[in-house]
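Right, one structure below, let's go through it.
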Amino acid sequence: MAAPPAPAFRLAFPGNGIALSHAQKNMQLHIAILPGDHIGPEVMDAALPVLEAALKRGGHTLRHSTHPVGGAGIDAAGKALPDATLAACAAADAILFGSVGGPKWESLPPAEQPERAALLPLRKHFKLFANIRPGLLPKTLLGASPIRPERIPEGIDLVCIRELTGGLYFGAKHTTTLPNGDTEAVDTMVYRKSEIERITDIAITTARARRGKLLSVDKANVLECSVLWRKTVAARVAATAPEIELSHMYVDNAAMQLVRSPASFDVLLTENMFGDILSDEMSVVCGSLGMLSSASIGAEKNRHGHPFGLYEPAGGSAPDIAGKNLANPCAQILSAALMLRHSFGLHTEAGAIDAAVQRAVADGFRTADIAFGNPSVSTTEMAKAVLERL
Ligand code: IPM
Ligand code: MG
């Protein structure tokens, strides 16, 4: 196998499969900020000045309002996604999300817990069917990966495109007591051809902007949904993007290959549940969760004609380090860059943020999660280092 090209720290990429557009001048960006719980507000506070500085350079203005979500939503308004928060999101061009959850709310019934009761309804309500998670390990951070450095000499650079509003997450579900007294729980995996086609289109655009390799992951040796998935992806690529190098893999094999040769992946396309699992595996293979951003976009457009989207770090609310100025703000900062790209078409400003993060890391600024015993900096110092390099 040929060595993959050196990662260009492509935390995002031009085009998003829905709207290919030209950046405007003097845009007014209206975003809803949902910091959430624990480290959520800390990293959000650290990320906002970076976002504001990048926008100012481009002559744009940011209008934002902050709203409780997750545990903070439960405490403020009795539910993880308060009506006022949802309304504020609907009035905005995009959502910048922190992270939700924590021990305080863990004893609530599963369906009311911050993660499930905030994120899933937001995804469904705004039809955010495409989850884009860049998995990136730059050469400067090789030691952050649990994979031996000699197996990934050039680092890792892949993108996971996960279908986000179908499959087991949203199919019919129930729990019943059977006549014999046993209890039965049912979750249904449902996919329509049209749902598979639209997520395939996102993956095709992503692959075109990268190395042109698309791997579709399914379980077509067992599941009906996967048979339809594989057939639909193959037909869509053949009809609209024959130049893309398409391959298919069963999910169990993909889980293994992600550990065995993560650098051989370019764009990984998969359904909701498989994507949930594989994207976590991808993130750990790529080192710290504190560096991983994500975008969830859908078919609805914002006032600027770009996809409405929700942008969030992949790492969770980390209650153990909350309030200590220790959390890595990079994932939140990079999520803001993804937002500029996908929901506003501001590729130059987004690229400037990506590059500033790369330079800060290359210059040796490390929060504890990526310092491996070396001296580390605080959340605010890390954000300042990024800001200074913008
Ligand atoms: C994710 C999370 C969510 C999911 C949870 C919090 C509902 O794990 O965004 O990957 O399963 O989708
Ligand atoms: Mg997950």
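Just so you know, these numbers use all the heavy atoms, side chains as well, and skip hydrogens, waters and symmetry mates. Computed from a predicted model, the values in this text were never measured in an experiment. Ligands are counted one by one from 1 in listed order, and the atoms in each one are counted from 1 as well.
- Of the protein's non-hydrogen atoms, D276 OD1, 2.9 Å is the one closest to atom 10 (O) of ligand 1.
- Shown here is Q28, whose CD atom has more than 12 heavy atoms of other residues, nucleotides or ligands within 6.0 Å.
- Among all non-hydrogen protein atoms, the one lying nearest atom 7 (C) of ligand 1 is L120 CD2, 4.0 Å.
- In terms of protein heavy atoms, atom 4 (C) of ligand 1 is closest to Y169 OH, 3.4 Å.
- Shown here are the protein N/O/S atoms lying under 2.8 Å from the Mg ion (ligand 2), water excluded: D276 OD1.
- Only the side chain of R162 comes within 4.0 Å of ligand 1, judged by heavy-atom distances.
- Looking only at atom types and distance, the side chain of N253 has a donor-acceptor partner in the side chain of Q257 under 3.5 Å away.
- Scanning the protein heavy atoms around atom 9 (O) of ligand 1, the nearest turns out to be R123 NH2, 2.6 Å.
- When side chains are defined from C-beta on, L128 counts as touching F308, because their heavy atoms get closer than 4.5 Å.
- Judged as a ring pair (Phe, Tyr, Trp, His ring centres under 6.0 Å), not a single pair has a partner in residues 233-290 (not counting sequence neighbours).
- Shown here are the side-chain contact (heavy atoms from CB on, under 4.5 Å) partners of P49, two or more places apart in sequence or in another chain: L387.
- Legend: residues meeting salt bridge (Lys or Arg N to Asp or Glu O under 4.0 Å) with D369, ordered by chain and number and at least two apart, are absent.
- A donor and an acceptor atom, one from each side chain of N131 and S296, are located under 3.5 Å apart.
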>> Run D83 and K79 through salt bridge (Lys or Arg N to Asp or Glu O under 4.0 Å) and show every step you take.
In response: CA-CA 9 Å; D83 298 344; K79 56 181 180 172; 2.8 Å; yes
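- Of the protein's heavy atoms, E115 CB, 3.4 Å lies nearest to atom 6 (C) of ligand 1.
- Neither the backbone nor the side chain of E312 has any atom closer than 4.0 Å to an atom of ligand 1 (non-hydrogen atoms only).
- In this structure a side-chain-to-backbone donor-acceptor pair under 3.5 Å is missing from T200 to V233.
- Applying the side chain to side chain donor-acceptor pair (under 3.5 Å) test between E349 and each of R341, H60, R57 identifies H60 as the sole match.
- If you number the atoms of ligand 1 from 1 as listed, the ones under 4.0 Å from a heavy atom of R133 come out as 1 (C), 9 (O), 10 (O).
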